[in-house]
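The structure under discussion appears below in the form of structure tokens.
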Amino acid sequence: MTGLRIPDNALLRHKLARLRDRRTDSAGFRRLLAEIGAMLTMEAMADLPEREEAVETPVTATRAQMLAAPEPCLVAVLRAGLGLLEGARGILPEAPVGHLGLVRDEHTLVASEYVVRLPRDLATRGALVLDPMLATGGSAVQALARVKQAGATFIRFACVVAAPEGLRALRDAHPDVPVIAAAVDEKLNERGYIVPGLGDAGDRCFGTE
């Protein structure tokens, strides 16, 4: 699918397998989610604009590539996006952080907002939106729309696992936003859960199953 990037990384696949395992406890799940968040952030930021600058090493003067603009904002979709955010902040420590609270109705599968806190400089910095699960796509579509309303034009969306249905919905609504995912899974079940998926990432992350 155009705009979809899945890193070809053995370590990422290993961590994803452990994340999927129902025997992984909450502490282990949080740790793995943060580690995967760092890896996905590295992939998502691989094509940031650069400039060349003079640098003095302990040995000599040289020219080096550095970012041409401030680090993009990090926007976590609550709750489970907080797990990815922990790892992303290790990669982009100077990035402002925003939060979007979206809750999905278990019957209609439609997401509704309960909190929106976005950085003021989102328009100039751009954003990496973080949500472990791209299932029906409703939350992702709504989150990206909010980020665009705030003025961001450089936007990336990172998730751990995506369902084909969610990818299609996101592509239809936001064809300009690249998606970075650890894996594309088989399908959604009748409850709107990704198969094989991770289960409920928020519950597993915070021990609220």
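It should be emphasised that the depicted structure is a prediction, and the values quoted were computed from it without experimental measurement.
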Separation of Asp200 CG from Arg79 CZ (nearest 0.5 Å) = 6.5 Å

ask   = Closest heavy-atom contact between Val75 and Ala127?
value = CG2-CB, 4.2 Å

request  = Considering only NZ, NE, NH1 and NH2 on the basic side and carboxylate oxygens on the acidic side, decide whether Asp47 and Arg156 come within less than 4.0 Å.
outcome  = yes

task = Check the hydrophobic clustering (I, L, V, M, F, W, Y; side-chain heavy atoms under 4.5 Å; chains of links allowed) and say if Leu167 and Val129 are grouped together.
result = yes

query = Would you say Pro7 and Met39 make side-chain contact, with heavy atoms under 4.5 Å?
reply = no

ask   = Does Asp25 reach the main-chain N or O of Gly28 with its side chain, forming a donor-acceptor pair under 3.5 Å?
value = yes

message = For a 4.5 angstrom cut-off between non-hydrogen side-chain atoms, does Leu84 reach Leu33?
response = yes

task = Please indicate whether Asp176 has more than 12 foreign heavy atoms, meaning atoms of other residues, nucleotides or ligands, lying under 6.0 Å from its CG.
result = yes

ask   = Between the main-chain N or O of Arg204 and the side-chain N or O of Ser26, is there a donor-acceptor pair closer than 3.5 Å?
value = yes

task = Measure the NZ-OG1 distance between Lys148 and Thr153 for me, rounded to the nearest 0.5 Å.
result = 10.0 Å

ask   = Does Met45 share a hydrophobic cluster with Leu11, counting links as ILVMFWY side-chain heavy atoms below 4.5 Å and allowing steps through other members?
value = yes

task = Identify the two heavy atoms, one from Leu40 and one from Ala182, that lie closest to each other, and give their separation to 0.1 Å.
result = CD2-N, 4.0 Å

task = Write down the atom of Leu122, the atom of Ala150, and the distance for their closest heavy-atom approach.
result = CD2-CB, 3.5 Å

message = Salt bridge check, Arg30 against Glu86: does any charged N sit closer than 4.0 Å to a carboxylate O?
response = no

query = Hey, are the side chains of Val195 and Asp185 touching, using non-hydrogen atoms and a 4.5 Å cut-off?
reply = no

request  = Using a 4.5 Å cut-off on heavy atoms from C-beta on, say whether the side chain of Arg13 contacts that of Asp8.
outcome  = yes

task = State the OG1-CD1 distance between Thr136 and Ile194, to the nearest 0.5 angstrom.
result = 9.0 Å

ask   = Is any side-chain heavy atom of Pro96 closer than 4.5 Å to a side-chain heavy atom of Arg125?
value = yes

Heavy-atom side-chain proximity of Val161 to Leu16 below 4.5 angstrom = yes

key: Same apolar cluster (I L V M F W Y, side chains within < 4.5 Å links), Leu92/Val160   = yes

task = Check the surroundings of atom CZ in Arg89: do more than 12 heavy atoms from other residues, nucleotides or ligands lie under 6.0 Å from it?
result = no

key: Any donor-acceptor pair under 3.5 Å from Glu52 side chain to Arg63 backbone   = no

request  = Specify the closest pair of heavy atoms between Ala163 and Ala135, including all atoms of both residues, with the distance to one decimal.
outcome  = CB-O, 3.8 Å

Test item: Leu19 and Glu35 side chains (from C-beta on) under 4.5 Å apart, heavy atoms = no

ask   = Between atom CZ of Arg146 and atom CG of Leu144, what is the distance when rounded to the nearest 0.5 Å?
value = 13.0 Å

query = Just by modelled atom types, is the Glu43 backbone N or O under 3.5 Å from a matching donor or acceptor in the Arg5 side chain?
reply = yes

task = Could you tell me which non-hydrogen atom of Pro132 sits nearest to which non-hydrogen atom of Gly81, and how far apart they are?
result = CD-N, 3.6 Å

ask   = Hey, quick one: are Phe206 and Val115 part of the same hydrophobic cluster, counting side-chain heavy atoms closer than 4.5 Å, chains of contacts allowed?
value = yes

request  = Decide yes or no on side-chain contact (heavy atoms from CB on, under 4.5 Å) for Arg117 and Val97, but give the supporting numbers first.
outcome  = CA-CA 9 Å; Arg117 298 289 186 273; Val97 174; over 6 Å; no

key: Leu198 side, atom CG; Asp21 side, atom CG - distance, nearest 0.5 Å   = 11.5 Å

request  = Would you check if Arg171 and Leu4 make a side-chain contact, meaning some heavy-atom pair closer than 4.5 Å?
outcome  = no

ask   = Between Val77 and Leu130, is a side-chain contact (heavy atoms from CB on, under 4.5 Å) present by the stated rule, with each step listed?
value = CA-CA 6 Å; Val77 178; Leu130 303 160; over 6 Å; no

Gln65, CD: over 12 other non-hydrogen atoms inside 6.0 angstrom = yes

ask   = Is it true that Val177 and Leu118 fall in one hydrophobic cluster, defined by side-chain heavy atoms closer than 4.5 Å?
value = yes

Arg51 atom CZ, over 12 foreign heavy atoms within 6.0 Å = yes

query = CG of Leu170 to SG of Cys159: how many Å apart, nearest 0.5 Å?
reply = 8.5 Å

request  = Give the minimum heavy-atom separation between Ala95 and Glu71, together with the two atoms involved.
outcome  = N-OE1, 3.1 Å

